[in-house]
Amino acid sequence: MSRRVPVLDGFRGYAILGVVSLHLLLLSKVATPGTHVSLVTWGILGNIIDTFFIISGFVIFLPVVLREGRLGSIRDFAVGRAVRLLPAYWLSIAVVILLLVVVPGQADFRFIHRLPEILADMGALQMPIRLFDGTFQVGLGINGALWMIP
């Protein structure tokens with residue numbers, strides 16, 4: 001059975017182009033915050049990443065739903081995803097910690113003071129924590145892309 005859903009290709013393409021366009025407009029400073037261009041940009045493309053994640057989540061979870069015409073094992077799915085993702089995820093956190101320790105000019109890194117942040121990042125809890133504490137730094141303030149994992 002093919003896991004590909006061809007009808008989603010157009011939506012996926014739209015979402016990818018939207019995400020790339022949003023990043024290009026922001027990085028090039030065309031959409032400077034507080035301007036009309038920024039307002040229009042965020043109004044049109046602001047939720048495009050949600051579209052991308054919804055499509056991706058559907059496609060990733062599809063094998064669980066379509067296992068021989070019946071619902072597959074959610075436990076097997078979760079274990080398989082954890083086995084594939086967590087080692088690389090934790091390695092990226094270890095690299096960030098190493099960089100904080102060895103790169104000169106960084107703020108004084110005291111492991112014990114940053115332990116709650118490290119544990120939150122390791123548990124992929126950084127975004128739920130940010131709901132309650134907007135000052136929480138994702139990826140210890142270095143690897144902001146870790147927001148995508150949870």
Side-chain angles (χ1 to χ4, degrees), residues 3-5 8-9 11-35 37-39 41-67 71-150:
R3 292 182 181 171
R4 186 169 184 83
V5 182
L8 292 179
D9 287 343
F11 290 112
R12 188 179 301 144
Y14 165 73
I16 290 168
L17 286 174
V19 169
V20 169
S21 299
L22 181 62
H23 281 90
L24 288 175
L25 288 169
L26 293 172
L27 290 173
S28 67
K29 307 254 191 265
V30 169
T32 306
T35 65
V37 174
S38 176
L39 185 62
T41 300
W42 280 104
I44 294 172
L45 299 173
N47 290 334
I48 197 68
I49 197 156
D50 297 338
T51 304
F52 189 70
F53 281 135
I54 290 168
I55 293 168
S56 297
F58 174 77
V59 171
I60 289 168
F61 197 67
L62 192 60
V64 171
V65 177
L66 295 179
R67 178 102 5 122
L71 185 62
S73 169
I74 294 174
R75 181 183 173 277
D76 291 347
F77 170 78
V79 169
R81 296 285 296 166
V83 166
R84 281 191 308 275
L85 294 177
L86 290 178
Y89 177 70
W90 289 334
L91 177 64
S92 71
I93 294 171
V95 169
V96 167
I97 292 169
L98 180 67
L99 289 173
L100 282 169
V101 171
V102 300
V103 173
Q106 293 295 319
D108 184 22
F109 181 76
R110 292 190 181 106
F111 184 83
I112 200 71
H113 295 297
R114 303 289 295 268
L115 189 58
E117 290 175 79
I118 292 167
L119 292 174
D121 281 345
M122 289 181 70
L125 296 172
Q126 59 273 41
M127 296 314 287
I129 289 172
R130 281 187 58 88
L131 289 172
F132 302 100
D133 178 7
T135 64
F136 185 85
Q137 292 187 335
V138 176
L140 299 170
I142 293 179
N143 188 359
L146 289 181
W147 72 269
M148 293 187 301
I149 297 299

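The basis for the numbers below is simple: all heavy atoms, side chains too, and nothing from hydrogens, waters or symmetry mates.
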Where Val96 and Gly139 come nearest, the two heavy atoms and their spacing: CG1-O, 3.6 Å
Closest non-hydrogen atom pair between Ile49 and Val19, with its separation: CA-CG2, 4.2 Å
Heavy-atom side-chain contact between Trp42 and Asn47 under 4.5 Å: no
Inter-residue atom distance Ile16.CD1 - Thr51.OG1, 0.5 Å rounding: 12.0 Å
Minimum heavy-atom distance Gly18-Ile48, with the two atoms named: C-CG2, 3.8 Å
Leu24 and Ser21: CA distance, side-chain angles, deciding distance, side-chain contact (heavy atoms from CB on, under 4.5 Å) verdict: CA-CA 5 Å; Leu24 288 175; Ser21 299; 5.8 Å; no
Closest contact, heavy atoms only, Met122 versus Trp90: O-NE1, 2.9 Å
Distance (rounded to the nearest 0.5 Å) between Met127 CE and Phe136 CZ: 10.0 Å
Ser38 side, atom OG; Leu26 side, atom CG - distance, nearest 0.5 Å: 7.0 Å
Residue Phe53 excluded, over 12 heavy atoms near CZ under 6.0 Å: yes
Inter-residue atom distance Leu91.CG - Leu98.CG, 0.5 Å rounding: 10.0 Å
Any residue meeting side-chain contact (heavy atoms from CB on, under 4.5 Å) with Leu17, in chain and number order, not counting sequence neighbours: none
Atom pair CG/CG of Leu140 and Leu100 - distance to nearest 0.5 Å: 6.0 Å
Summary of salt bridge (charged side-chain N to carboxylate O under 4.0 Å, His left out) pairs that have at least one residue in residues 116-145, sequence neighbours excluded: Arg114-Glu117
Whether Ser92 side chain and Tyr89 backbone form a donor-acceptor pair below 3.5 Å: yes
Minimal non-hydrogen separation, Val37 against Val30, with atom names: CG1-O, 3.5 Å
Nearest-0.5 Å distance that lies between atom CD1 in Ile55 and atom CG in Leu8: 6.0 Å
Closest non-hydrogen atom pair, Pro87 against Ala82: CD-O, 3.6 Å
